A.B. asks: 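Submitted below is the structure of interest, expressed as structure tokens.
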Amino acid sequence: MTYRQKNIGFSLVEVLVTIVILMIGLLGLAGLQGRALTSQMESYQRSQALVLLKDIENRISANRKNAASYITTTPLGVGATCPSAASSVVSVDQNEWCNALKGAAEVQSGVSSTGAMIGARGCVYQIMAPVSGVAAEYLAVVSWQGLNNTKAPDSSDPKKAGSCGKDSYGSESLHRVVALPISIADLN
């Protein structure tokens, strides 16, 4: 007669190891989900900035004779007082663009503007003045605060995209910009 030795507790150790491995995998998935949400928000902010750039480009193109009047000396948007919407087309356009940068179209609890981007600011620079037979060049820029650190935009030249909103977001590695060059043909 042979006696079998019972392996008591062996299956319990297997279950505990499996649970530990499963928990490590689930923690990894939770981290991945957090990164995916951050990336989705960064992408959403960039797409909203592109919409705002196209908006100001259309406004400048529609009012070509007064394109130089759209140049900003300080950024419009969050932290700025929007220009008054006087009777001129330029002042109305700048006021509406400033309010769009502040997120006037998106309201939280019916009270405060939330905006699509964190700390959105907009600038329009003149790159090249109009010369007879040569198009004038402008640069429309939208800047905002990102959620992850990246390389800071170049702000060495005051007429470069990186100078719009410079030093407004704590760390320059959170500073995001998108720019759109605008050419306006000589109307003379």
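If you're wondering where the values come from, they're calculated on a predicted model, not measured in any experiment.
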A.B. asks: M128 vs V134, test: side chain to side chain contact (heavy atoms under 4.5 Å, CB included). Steps then yes/no.
C.D. replies: CA-CA 9 Å; M128 188 168 68; V134 178; 3.5 Å; yes
A.B. asks: Test of understanding: with side chain to side chain donor-acceptor pair (under 3.5 Å), list the residues that count as partners of S183, not counting sequence neighbours.
C.D. replies: E137
A.B. asks: Restricting to pairs with a member in residues 19-69, which pass disulfide bond (SG atoms under 2.5 Å apart), not counting sequence neighbours?
C.D. replies: none
A.B. asks: Using distance only, find each side-chain donor-acceptor pair of residues 142-149 under 3.5 Å and give its atom names and separation, not counting sequence neighbours.
C.D. replies:
residue, atom, partner, partner atom, Å
S143, OG, C164, O, 3.2
S143, OG, Y169, OH, 3.2
N149, OD1, S173, OG, 2.9

A.B. asks: I need the L139 CG to I71 CD1 distance, nearest 0.5 Å.
C.D. replies: 11.5 Å
A.B. asks: Starting from I56, can I reach V92 by hopping between I/L/V/M/F/W/Y residues whose side chains sit under 4.5 Å apart?
C.D. replies: no
A.B. asks: Just by modelled atom types, is the G119 backbone N or O under 3.5 Å from a matching donor or acceptor in the R121 side chain?
C.D. replies: yes
A.B. asks: Can you name the closest pair of heavy atoms from R46 and V177 and give their distance?
C.D. replies: NH1-O, 4.1 Å
A.B. asks: Determine which pairs satisfy salt bridge (charged side-chain N to carboxylate O under 4.0 Å, His left out) with at least one residue from residues 49-59, sequence neighbours left out, and list them in order.
C.D. replies: K54-E57, D55-R59, R59-D93, R59-E96
A.B. asks: Run through the side-chain heavy atoms of Ile, Leu, Val, Met, Phe, Trp and Tyr, join any pair under 4.5 Å, and report what else lands in I24's cluster.
C.D. replies: V20
A.B. asks: Nearest 0.5 Å, what's the OH-OG distance between Y138 and S61?
C.D. replies: 11.0 Å
A.B. asks: If every non-hydrogen atom of A140 is compared with every non-hydrogen atom of I182, which pair is closest and at what distance?
C.D. replies: CB-CD1, 3.9 Å
A.B. asks: Identify the two heavy atoms, one from V141 and one from W97, that lie closest to each other, and give their separation to 0.1 Å.
C.D. replies: O-CH2, 4.0 Å
A.B. asks: Which atom pair, heavy atoms only, marks the closest approach of C82 to N99?
C.D. replies: SG-OD1, 3.5 Å
A.B. asks: At what distance, to the nearest 0.5 angstrom, does OG of S168 lie from CG of L174?
C.D. replies: 12.0 Å
A.B. asks: Are the side chains of L53 and V178 in touch, meaning some heavy atoms are under 4.5 Å apart?
C.D. replies: yes
A.B. asks: Sequence neighbours left out, what passes side chain to side chain donor-acceptor pair (under 3.5 Å) with S69? Give chain and number order.
C.D. replies: none
A.B. asks: Please, which pairs that meet disulfide bond (SG atoms under 2.5 Å apart) have at least one residue in residues 39-75, sequence neighbours excluded?
C.D. replies: none
A.B. asks: Can you list everything that forms a side chain to side chain contact (heavy atoms under 4.5 Å, CB included) with L26? Sequence neighbours excluded, please.
C.D. replies: L22, L29
A.B. asks: Same cluster for M41 and V51 if Ile/Leu/Val/Met/Phe/Trp/Tyr side chains link at under 4.5 Å?
C.D. replies: no
A.B. asks: Suppose we screen for side chain to side chain donor-acceptor pair (under 3.5 Å). Which residues come up paired with E172, at least two apart in sequence or across chains?
C.D. replies: H175
A.B. asks: If we only count heavy atoms from C-beta on, is the V124 to I60 side-chain gap below 4.5 Å?
C.D. replies: yes
A.B. asks: Go through the side-chain N and O atoms of S163 and Y125 and say whether any donor and acceptor fall under 3.5 Å apart.
C.D. replies: yes
A.B. asks: Please find the pair of heavy atoms, one from P75 and one from A80, that lie closest to each other, and give the distance.
C.D. replies: O-CB, 3.4 Å
A.B. asks: Would you indicate whether the side-chain heavy atoms of Y70 and V90 approach each other to under 4.5 Å?
C.D. replies: yes
A.B. asks: Taking Q40's backbone N and O only, do any of them form a donor-acceptor pair with S43's side chain (distance below 3.5 Å, no angle check)?
C.D. replies: no
A.B. asks: Pairs in or reaching into residues 18-43: which pass salt bridge (charged side-chain N to carboxylate O under 4.0 Å, His left out), with residues at least two apart or in two chains?
C.D. replies: E42-R176
A.B. asks: Report yes or no: do L76 and V89 belong to one cluster of Ile/Leu/Val/Met/Phe/Trp/Tyr joined by side chain heavy-atom distances under 4.5 Å?
C.D. replies: yes
A.B. asks: For residues 73-86, pull every pair meeting salt bridge (charged side-chain N to carboxylate O under 4.0 Å, His left out), keeping only residues two or more places apart or in separate chains.
C.D. replies: none
A.B. asks: Of all the heavy-atom pairs spanning T72 and Q94, show the shortest one and how long it is.
C.D. replies: CG2-NE2, 4.3 Å
A.B. asks: Any side chain to side chain donor-acceptor pair (under 3.5 Å) involving residues 76-89? Give me the pairs, sequence neighbours left out, ordered by first then second residue.
C.D. replies: S88-S91
